[in-house]
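This report concerns only the one structure given below.
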Protein chains: 2
Amino acid sequence: MKRLTILDVAERAGVSVGTVSNALNRPEIVAPKTLASIQAAMDELGFVRNAAARQLTGAKSPAIGLIVLDIDNPFFTEVYRGVETAANEAGYLVVVCGLSGDPTHERRQLRLLEEQRVAGILATRVGKGNSRVYSQMRKRGMPVVLLDRRSASRNQCSVSVDDVAGGRLAGEHLCGLGHDRLALVNGPRDWSQCADRRSGFLTATDGAGARLLADADIEVEKMTIGAGEAAAHHILAAAKRPTAIFCANDLLALGVEHALIAAGHRVPEDFAIVGYDDVAFATMAFVPLTSVRQPAFELGQRGAQQLLGEATDEAHKHEQVVFEPELVIRASTGAEVEANVPAS
Amino acid sequence: MKRLTILDVAERAGVSVGTVSNALNRPEIVAPKTLASIQAAMDELGFVRNAAARQLTGAKSPAIGLIVLDIDNPFFTEVYRGVETAANEAGYLVVVCGLSGDPTHERRQLRLLEEQRVAGILATRVGKGNSRVYSQMRKRGMPVVLLDRRSASRNQCSVSVDDVAGGRLAGEHLCGLGHDRLALVNGPRDWSQCADRRSGFLTATDGAGARLLADADIEVEKMTIGAGEAAAHHILAAAKRPTAIFCANDLLALGVEHALIAAGHRVPEDFAIVGYDDVAFATMAFVPLTSVRQPAFELGQRGAQQLLGEATDEAHKHEQVVFEPELVIRASTGAEVEANVPAS
DNA sequence: GCAAGTTTTTGAAACGTTTCATAGCGATCC
DNA sequence: GGATCGCTATGAAACGTTTCAAAAACTTGC
C-alpha cells in the first residue's frame, strides 16, 4: 500500500504542496475556494498527515509520558484520570508506563520516551538508582514533573500532598480516641511518601504520649491487599497487641481489616484502623474505612498542566504545589459516625 | 539548546554518519574499535536518537494505542496490565486513551494516534457512531484488534470472553439455589457485552422456569457503584421483590449490596447477589461477592500479542480468541462456602 | 609484493512535512 | 494606463535518520 502524502493531495487538488501545508496549518491565509478543494481531495483520498515528518521540521510531539508505580492501586487510576483530562484538553496523548519494579526496565521505557521526544514526563516514582537518569534527561531539555512527591530542588516542578500532615491527622485522630498502643503498617521507607507519613504519625502520637509498639512497626515491600493480610497476622502474633492500626494506604488497610475480621476480631472494638488515600472501595469495606484523603484527580490534573506549561510556555516558572490531605472518618475507627449508610 | 544529531556524534568520533547509523542498527558489521569510539562519543555527548526521523525512513512506531472505556473499573486496569506486559516484552510503549464518552473526543484521539502512525490500536469499545471511523482506519492499513468484544468479521482479530456463557453461569447458579424471582442490573444493552450477558442469563432462567421480574429488569447508563446503589433502591421500591440479583459487573454489584445492607436487608438471606468480573475488591466487600470471573490480564496480554503480530508479521492470520468465564462462589449467594475467610 | 578477497566505511538520496522568501495576480488609486 | 498594494500560491531548502551501491582499507595466499 503506497503511502499517501501531502503531495498526492496537492496533485489531486491541483495546487502545490506548500498550499496544502498552509491549508493544514494556517487555513485563514488560503483562499476559501482553494481550501475547499483541498479539503475535498483529502477526504476522497483519506489523507492523514504524518506526525513524524511534522516533528522533524520542528513541531513538538503531542504526547506526554506518565510513569506510574502501581496501577493496581485505584489511587493512581484516579491520578491518571486527572492527567488524561488535562492532557486531552490541551490536545495531548498520554503514554502510560507501568513500572514493574525493575529499574532496567524503567530505563528502557524512559529511553523510548526520550527518543520519541515526548513533550514531557510525569513521574510518580523513581526506580532505585535511576535518579541520575532523570537528571540527565532534564539536562538534555526534557521537562520532568514530579507527581505525588515534592521536588527537593527549586528548579523542578512538583505536585504533591503533604504526607507529614496526613500522618499527623491519622495519629491525632487515633490518640484523640484514647488509643495509646499503636501499630503502623507502612510501605518501603525509602519511598519518601512512606517516610513522611510515618514521621507525621509519630509526631502526633509522641505528642499525645502514645506508643508505637516495636513489634507492630511493620514495613512491607509491596503495598497490596495481600501484604496487609500478612501484616495483620504479624500483629496478632505479637507479644503485646496494639488497639489501633495506621496503614500507609487503603489496600493495606483493607487487607488488614479483612484478615482481622476473618480471625474473629472486631473492628473497631478490638482494633481501630485508619487507611490512606480514601479510594472508592474504602466505603464498601466490611467495616467502612476511616482514611486520609488525597485529591488524586487534582494531583494528576495539576501535574499535567504544569508539565505542559513547562513544555510550551517560554516564561514558565517552576513551582512546587502542595495539597493538604483531609481525614475522612468512618466506622473503622468507631468514631460517632454513620456505620454503613448509603452515600446518596 | 542545539539539537544533537547523529552528525555531531560522527564528527566527534571521526567517522561518517553512515557508520554511526550502522553502529546503532547493525553493530555487528562495524569494527569493534570504531564501535567503541562511537559509543564513547555518544555517551560524552548524551546523544539520544530521534524516533521521528527514524520513522520517516521506514521504521515502525514503537507504540500501540489502547482505547479504554472506564479505567475506574479495576477490571480494565487488569486488562491494561496485560497489554502493558506484552507490549513491553516486545519493546513497545502503550498510549492509553480513556474515553470520556464523547464520540467527538474519541475521534480526535484516534486521529492523533493515526497521525503518529502507531503500530496498531486495541479497542475495548467503540463510541456511538464511530464504527465507520474504525473501519476507514483499518482500510488505510492500521491494525485494530477488538478487546473484550468479539469481532463480527473473520477479517479482524479479537480477544473476548464468552459473555453468553457468563450470563448463563450466573443464571444457573441462582436457579440452582432455588431462586425463581430474579432481578437484573445491566449496563447499556447496545453494548454487546451487556446484551450477551443478559441473553445467557435469560436462557438459564427460562430453562429453570424462573422469572425475571419486569420491575427489576434494570438498565443503567454507567456501570458504577453509584448506579448500583440507585438500582437497589429501585428494586426495593418494586411491587414484587426478587430474591436474587444478577449485576453485569462488580461495581454495580458492590453498590447494590451496599445499599441493600444499609437499608437493613440481609445478603444473601433476603437477596442473593451475583456480580461480574471478579475484581480484587469483590472479596473485600461487606459480604464477599459471588462473581463471574474473566481472565482480564490474559485478555489484555493476548490482545496485544495479536495486535503486534498483525503489525509486524507478514504472514499474520486473523483470529477470534474467546476465553471461557468461570463462576467464583462466595457468601453473597449463600452457597455452602467460606463466609469471610482470608484468601491465603 | 601483488592479485584477489574480505571486511569496513562512505556519502548521497530518500522519507513527508514545514517554512519562507519570492512570484503571480487582481484590484485600487492617481 | 501604469504604479502600488494586498492577497494567494509557489517551490526549494531544511529537519535527522536509514539505506545501499560504491569506494577504501585491510587480509590472505603465493
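Proteins come first, then strands; the chains are lettered A, B, ... in the order of their sequence lines, and each starts at number 1.
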Next on the checklist: Expressed as a whole number of angstroms, how long is the span from A:Ile6:CD1 to D:dG11:P?
Outcome noted: 14 Å
Item to check | Short side-chain N/O contact from A:Arg3 to OP1 or OP2 of C:dC15, under 4.0 Å | outcome: no
Item to check | Separation of atom CD in A:Glu114 from atom P in D:dG16, rounded to whole Å | outcome: 15 Å
Next on the checklist: Nearest heavy atom decides the nucleotide; on that basis, is B:Gly18 or A:Leu4 closer to the 5' end of DNA chain C?
Outcome noted: B:Gly18
Item to check | Distance, rounded to the nearest Å, where A:Gln55 contributes CD and D:dG16 contributes P | outcome: 12 Å
Checklist outcome for this item: From CD of A:Glu11 across to P of C:dG16 the rounded distance in Å is 14 Å
Checklist entry - A:Asp8 has an atom CG; how far is it from atom P of C:dC15, in whole Å? => result 11 Å
Checklist entry - Within the structure shown, what part of the strands sits under 4.0 Å from B:Thr5 by heavy-atom distance: base, sugar-phosphate, or nothing? => result sugar-phosphate
Checklist entry - With a non-hydrogen cut-off below 4.0 angstrom, is A:Arg117 in contact with a base, only sugar-phosphate, or nothing? => result nothing
Next on the checklist: What's B:Gly58 touching, base or sugar-phosphate or nothing? Going by heavy atoms closer than 4.0 Å.
Outcome noted: nothing
Checklist entry - Does B:Gln193 use its side chain to pair, donor to acceptor, with the backbone of B:Asp148 at less than 3.5 Å? => result yes
Item to check | Heavy-atom protein contacts under 4.0 Å, nucleotides 4-9 of chain C, coded B base, S sugar-phosphate only, - none | outcome: ----SS
Item to check | N/O donor-acceptor pair under 3.5 Å between B:Asn25 side chain and B:Ser21 backbone | outcome: yes
Checklist entry - When you check the phosphate oxygens OP1 and OP2 of C:dT17, does a side-chain N or O of A:Asn50 lie under 4.0 Å from one of them? => result no
Checklist entry - Is a side-chain N or O of A:Thr312 found less than 3.5 angstrom from the main chain of A:Leu308, in a donor-acceptor match? => result yes
Checklist entry - So, B:Glu106 versus B:Tyr134: side-chain donor-acceptor pair below 3.5 Å or not? => result yes
Checklist entry - From C:dT18, C:dT17, C:dC15, pick the nucleotide closest to the side chain of B:Thr57? => result C:dC15
Next on the checklist: How many whole angstroms separate atom NZ of B:Lys33 from atom P of D:dA25?
Outcome noted: 13 Å
Checklist entry - Under 4.0 Å between a side-chain N or O of B:Arg54 and OP1 or OP2 of C:dC15? => result no
Checklist entry - Quick one: is C:dT17 close enough that its OP1 or OP2 comes under 4.0 Å of any side-chain N or O from A:Arg49? => result no
Checklist entry - When the distance from CG of A:Leu7 to P of D:dG11 is rounded to whole Å, what number comes out? => result 11 Å
Item to check | N/O donor-acceptor pair under 3.5 Å between A:Glu114 side chain and A:Met137 backbone | outcome: no
Checklist entry - Atom CG of B:Asn25 to atom P of D:dC20: distance rounded to whole Å? => result 12 Å
Next on the checklist: Can a side-chain donor-acceptor contact be found between B:Thr19 and B:Ser16 if the only test is distance below 3.5 angstrom?
Outcome noted: yes
Item to check | Salt-bridge criterion met for A:Arg125 and A:Asp70 (N-O under 4.0 Å) | outcome: no
